[in-house]
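These numbers were taken from a predicted model, which means no experiment stands behind them. Lettering of chains follows the sequences in order, A, B, ..., and the numbering in each one begins at 1.
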Amino acid sequence: MRTLSLRDWLRSLREQRVRTLTTLAGIGWGTFSVVAMMAFGEGLEGIMQERAAGLGRGIVIAWPGTTTRSHAGFPEGRALRFTRADVLSLLDDVPQLEAVCPEYSARAQVRRGELVFRTQVNGVNPVYGVLRTQNVELGGRFLNDADLSGERRVAFLGDKIKRQLFGAEDAVGRTLVVLDTPFTVVGVMEPKLQDSDYDGDDDSRICIPATTHERVFGRRYVDDFLFRARDTRETAAAIEAVDAALGRRVGYHPDDAGALLVWDTTEDEQIRRYIFTAMDILLGGAGLFTLLVGAVGVGNLMFLLVRQRTREIGIQMAVGARPRWIQQEVLMQTALLVTIGGAAGFSGAFAVSAVVGATPLAATLGRPHVSPAVALGTIGLLAAVGLLAGWFPARRAARMDPVEALSS
Amino acid sequence: MIELRGIGRDYASGDATVHALSDVDLEIETGEMLTLLGPSGSGKSTLLHLLGCLDRPTHGSYHLLGRDVSRLDRNQLAAVRGEQIGFVFQRFHLMPRSTALENVALPLRFAGVGARERRARAADLLRRVGLEDRRHHRPAELSGGQQQRVAIARALAADPPLILADEPTGNLDSQVGGEIVDLLLELHSEGRTVVVITHDEGLAARTERTVRLLDGRVFADERVAPDNG
């Protein structure tokens, strides 16, 4: 293809300044809608996932319930109780499980010097830190196996209770008192986002070894326990196996729906995924529609320009321009319009995403992120839009009869 | 150079068929200059469009430089126009948004000539038609005579062997028109084949051959010594 007179065409665009600008704005706005909406959706999804991960990734929380049917000589209505050993036996009995952690839960008075707080003090195993996404601040550690077997009086603090007790000071190695028993702080949790909980936020929680908890609080039965399947897609099967294994061990009917109460967080994740897919479709669809309206605008402008330039097209043909070149030329001009509008929309979406990501809004909206997939998809979409908008005007231009065009 | 055999061109007009041209035989030698003369509606414009490969005949054959161009497709016809034919129109038909220089360079663009050479050749041609100081003017800033000179320069840009002029003086006063005819005669004297359409007997008298058309047929084909005194 030979390039025709681009300069000449730009001059005729200038004569249609208002139309050109509104058309460019249409494509720009459409592109902005698609990209920005997808970017914001992705940012929101990211922060929601992060918040959800604050509770734990792919975990199930289980509580002992009350039997609803008689079994093995026991009447119905029996409140079940699980020991730490019952819970830990699951690791051997249920091969689908990756990890299991018993949890004792208590509210207790916590003291450091003059400062006194009532807060959550939980007795757990070392794996708790991983299951509940409790990352450790530099300079500390989570509870370990030696703490557990030695019934050590050590504590791991949530970041908020640490601030309340120690302020900005380093807490590791310092002492605090729980129920008149002194504990040494071994670590502090990194601040995290958490959108759900079952006995208070982790930032106000103090974790101590389960063994120590049993001794200090005089407990024999766990309040709840956590587990995670090796493959989180197999979580439902794992729950069933856990239910059956515990039923055999403590004596309840495997089909008893009241015996074991579970919160399967992987179900929430499933729901979240559905919601976000629906949101992507909705928002993307709205953007797509805007873009299509923009395409109609571009097509219109190109038709107008072709009609306005009928005589010029006739002249070009008379002096040797092939109809095929004219057609390609109109397509190129359309592509140029779409590219300019699209680039403007893209830049706008990038700019707004960057600005929102840098402001406090990011805490609620997340960091909008233009993923390569969205970018490539939008570019592909714009190319399709350009072709669609340019095709018919281009064909009309190429099919002009030079004699008629010259006499217009 | 040009050989028309049994050329006819029909148009559908409503239910009727209009025979704009019927049964035209015409031969034009290389280097000849001739006038196609006829009243309006005689078919001379149709004949010029056919000669200029802007249109295709309904019947008959057209050989241009030994090649049958009557059955070429639209893209091929455009190529023939670009390489073999230079047009000069009554209404000048310059690109209104382009400068004189850009207008003259336009055919070179389609011939694939590079930008620098296009500009140089267009400037030479404008100098030749006496408009070197008007090269950056738009058509609207030029007089009719100047516009027609630009058009002639453009017709010469791709150095075509055949120049077709359609009422080249029709929109000009007699003095300016005379200068344009002088320019066309000059092209003829350089060896180019020039065909001029007109209904102006005076113009016809300045060419050596006149073909008269009436009702779509060749009515007379006269060869006389041109009166260029």
Side-chain angles (χ1 to χ4, degrees), chain A residues 1-20 301-302 304-333 336-337 393-408, chain B residues 9 11 20 45-50 52-56 72-99 101-115 118 138-139 151 153-158 160 164 166:
Chain A
M1 168 186 168
R2 305 273 158 78
T3 48
L4 306 190
S5 183
L6 181 66
R7 202 181 303 167
D8 188 80
W9 177 71
L10 289 177
R11 286 176 192 139
S12 60
L13 265 187
R14 203 155 54 201
E15 287 165 22
Q16 298 289 345
R17 200 171 306 157
V18 175
R19 272 199 181 83
T20 303
L301 178 66
M302 291 311 297
L304 181 88
L305 288 175
V306 164
R307 206 173 59 209
Q308 182 183 302
R309 292 168 54 80
T310 298
R311 199 163 67 92
E312 277 109 304
I313 291 170
I315 294 168
Q316 290 181 327
M317 285 183 173
V319 302
R322 320 286 193 266
R324 198 175 47 218
W325 297 349
I326 301 271
Q327 180 165 5
Q328 287 162 350
E329 180 75 0
V330 174
L331 279 175
M332 291 290 287
Q333 291 163 351
L336 185 67
L337 280 178
R395 210 175 52 167
R396 170 181 288 196
R399 284 184 179 176
M400 271 180 196
D401 175 16
V403 171
E404 278 174 33
L406 284 171
S407 62
S408 73
Chain B
R9 181 69 173 94
Y11 293 103
S45 287
T46 304
L47 183 54
L48 182 105
H49 293 149
L50 290 175
C53 291
L54 289 165
D55 194 9
R56 277 174 291 200
L72 297 183
D73 71 26
R74 287 160 44 80
N75 284 302
Q76 290 167 324
L77 284 177
V80 170
R81 290 195 296 269
E83 289 157 17
Q84 320 281 11
I85 303 167
F87 289 97
V88 179
F89 296 101
Q90 177 177 4
R91 288 163 61 200
F92 320 135
H93 284 328
L94 299 176
M95 301 287 276
R97 294 175 194 81
S98 300
T99 63
L101 193 75
E102 288 167 344
N103 263 292
V104 175
L106 190 63
L108 296 174
R109 190 191 284 273
F110 301 134
V113 176
R118 285 205 299 265
R138 304 275 163 82
R154 180 181 65 188
L156 293 173
L164 295 178
D166 184 4

Between chain A and each of B/Ala105, B/Pro160, B/Ala79, count heavy-atom pairs under 4.5 Å; write down the option with the most. B/Ala79
Might you point out which heavy atoms bring A/Ala321 and B/Ala78 nearest each other, and give the distance in Å? O-CB, 3.4 Å
Relative to chain A, which segment of B/Arg56 carries a heavy atom at a distance below 4.5 Å: side chain, backbone, both, or neither? neither
Heavy-atom closest pair (B/His93 atom, A/Ile315 atom, distance to 0.1 Å) is O-CD1, 3.3 Å
I want to check something: taking the side chain as every heavy atom from C-beta on, are A/Arg14 and B/Arg97 in contact at a cut-off of under 4.5 Å? no
Decide yes or no for B/Arg74 and A/Arg324: does some side-chain heavy atom of the first lie under 4.5 Å from some side-chain heavy atom of the second? no
Which one wins on heavy-atom pair count under 4.5 Å against chain B: A/Pro402, A/Pro323, A/Gly314? A/Pro323
Just verifying a value: how many Å separate A/Met317 CE and B/Leu54 CG, rounded to the nearest 0.5 Å? 10.5 Å
Quick one: closest heavy-atom pair of A/Ala318 and B/Phe89, and the distance? CB-CZ, 4.3 Å
B/Glu83, part contacting chain A, at a heavy-atom distance under 4.5 Å: side chain
Closest non-hydrogen atom pair, B/Leu94 against A/Arg311: O-NH2, 4.2 Å
Which atoms of A/Leu406 come close to chain B, meaning under 4.5 Å heavy atom to heavy atom: side chain ones, backbone ones, both, or neither? both
Testing B/Arg81, B/Arg109, B/Arg154, B/Met95 for side chain to side chain contact (heavy atoms under 4.5 Å, CB included) with A/Val319, which one passes? B/Arg154
